[in-house]
Amino acid sequence: MTKTGLVWFRNDLRIHDQISLVKAAKENSFVIAVYCFDPRQFEKDRFGFTKTGKYRAQFLIETVQDLQQQLNELNIPLFVHVDVPEKIIPEYVKIHKVTSVYLQNEWTSEEREVVNNVQKEITSNVDWIEAYDQFLFHPEDIPMTIDKIPQVFTIFRKKCEKYASVRQLETISKMPEKNRVPQQTRVPTLQELGHTDFDTDSRTAFPFKGGEKTGLQRLHDYTWNTKKLSYYKNTRNGLVGTDYSSKFSTWLGNGSLSPRMIYHEVKKYESEIVKNQSSYWMIFELIWRDFFKYISLKHGNDIFKLEGILHTPYEWNTDKQLIQQWIDGETAEPFVNANMLELKHTGWMSNRGRQNVASYFAKTQKLDWRIGAAYFESLLIDYDVHSNYGNWLYVSGVGNDPRDRTFNVKLQAARYDGNNKFQNLWLQTSLF
Ligand SMILES: Cc1cc2nc3c(=O)[nH]c(=O)nc-3n(C[C@H](O)[C@H](O)[C@H](O)COP(=O)(O)OP(=O)(O)OC[C@H]3O[C@@H](n4cnc5c(N)ncnc54)[C@H](O)[C@@H]3O)c2cc1C
């Protein structure tokens, strides 16, 4: 019997180290791929923010265009639609007599619901193959069960560093050209997703385009070309420019870069260039990323609840004016304002900035942290459900911070922006 595999792409938009793709190519004579720009992801959320704002939408478009080209070279067509997967995936299964569907395993409730609905619409008998492909440490390789994931990051990190190892990279082989299925779909424009075109702000710290190719180029530049990795630990709290941190999060967010790829590249760098605190710190940060994914696996929908995973009842307010001032960079704190303007004009904010504006929002102003998180979700190019909600919970005192700190924004500004370079960049130019 001829076997046809369908790879349903979602947040795993790459061809390197892509488990679903590798399996599909190994197990089938024909492979097709599908990506849906789900219109629900471009609607307004319950707080009135567009779920996927223009910056991430543009990055996603570029990513899917790149993926379509890369897959084409492997003789795998990527069919792209602006429609719900519940309609599109079953249609392809039927038309192409698909025998197996491959996809990344996602566990957050919205994604699960879509998967369940798709499965209900498929009437034929198909093998359904989901794989965890977003982690550094695969869930089968960590030395604890999900219900025993520690609340404290350091405990998690030390156990993983001691007992778990990162898997080797998976490599896809090209499908035979004669088995190539033609495809005529195209990637939508920004307008077709409900946004208007925009020019990139010349001040942006993230001037990069989306796609696996640019992600791999960035990895190469940050390591081998510029050797910035050797200084990462000293620069990572920076605020201005492209190189104070890796910017990998954007590509990691939609899966156009594999965390294992970064890990193995860092290891190679350590053996060929230098192994120091900075090279280690890159891996340390990638473990933070994993940690928030595991926290979300363990706590499910609690990560979206006001009382968080600690179930702590605090008084929160939803003062519309205070929220708008924060969004528009018009609070009493110039450092908060500069960061919020950066986000508004570019879809990017540094980690230092994010910590400060989130702490100001949730701790100082005591505003409902979920509104801040939803605004980030809308604006950030690198939005990732686990990292965003995990960090917001953490900063808001309802997550994993054992110290439950409030940032002193003025001290932070003096420490990290002593010469006002960052604040001048965003506050002075907005006067023109
Ligand atoms: C309130 C708040 C919201 C956030 N929302 C997101 C989000 O939606 N998506 C996202 O990817 N990150 C988020 N972060 C984490 C962090 O700010 C970004 O990952 C980081 O700034 C991205 O820049 P970079 O890739 O240059 O990071 P680097 O400093 O170069 O770090 C390398 C990688 O390590 C990981 N990493 C670093 N810091 C963290 C962290 N605190 N938590 C989880 N992973 C981390 C990222 O994958 C990052 O790409 C948030 C942090 C805060 C405080």
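Computed from a prediction, not measured in an experiment: that's the story for all the values here. Atoms within a ligand are numbered from 1 in the order they appear, just like the ligands themselves.
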* Structure fact -> Quick note, salt bridge (Lys or Arg N to Asp or Glu O under 4.0 Å) partners involving residues 252-267, not counting sequence neighbours, are D17-R260, D133-R260, K267-E270
* Set of residues that line ligand 1, where lining means a heavy atom lies under 4.0 Å from it -> Y232, S245, S246, K247, F248, S249, L252, M282, E285, L286, R289, F292, W348, N351, R354, Q355, A358, F376, L380, D382, Y383, D384, S387, N388, N391, W392
* Asked: What heavy-atom pair brings I303 and S296 nearest, and what distance separates the two atoms?
  -> CD1-CB, 3.8 Å
* **Sidechain N-carboxylate O distance under 4.0 Å for K51, E43** => no
* **Distance under 6.0 Å and angle within 45° of ring axis: K23 vs Y102** => no
* **Selection residues 406-420 - residue pairs positive for side chain to side chain donor-acceptor pair (under 3.5 Å), sequence neighbours left out** => E333-K410, R352-Q412, N356-Q412, D417-Q423, N420-Q423
* Any pair counted as salt bridge (Lys or Arg N to Asp or Glu O under 4.0 Å), so long as it reaches residues 278-290, sequence neighbours left out -> R236-E285
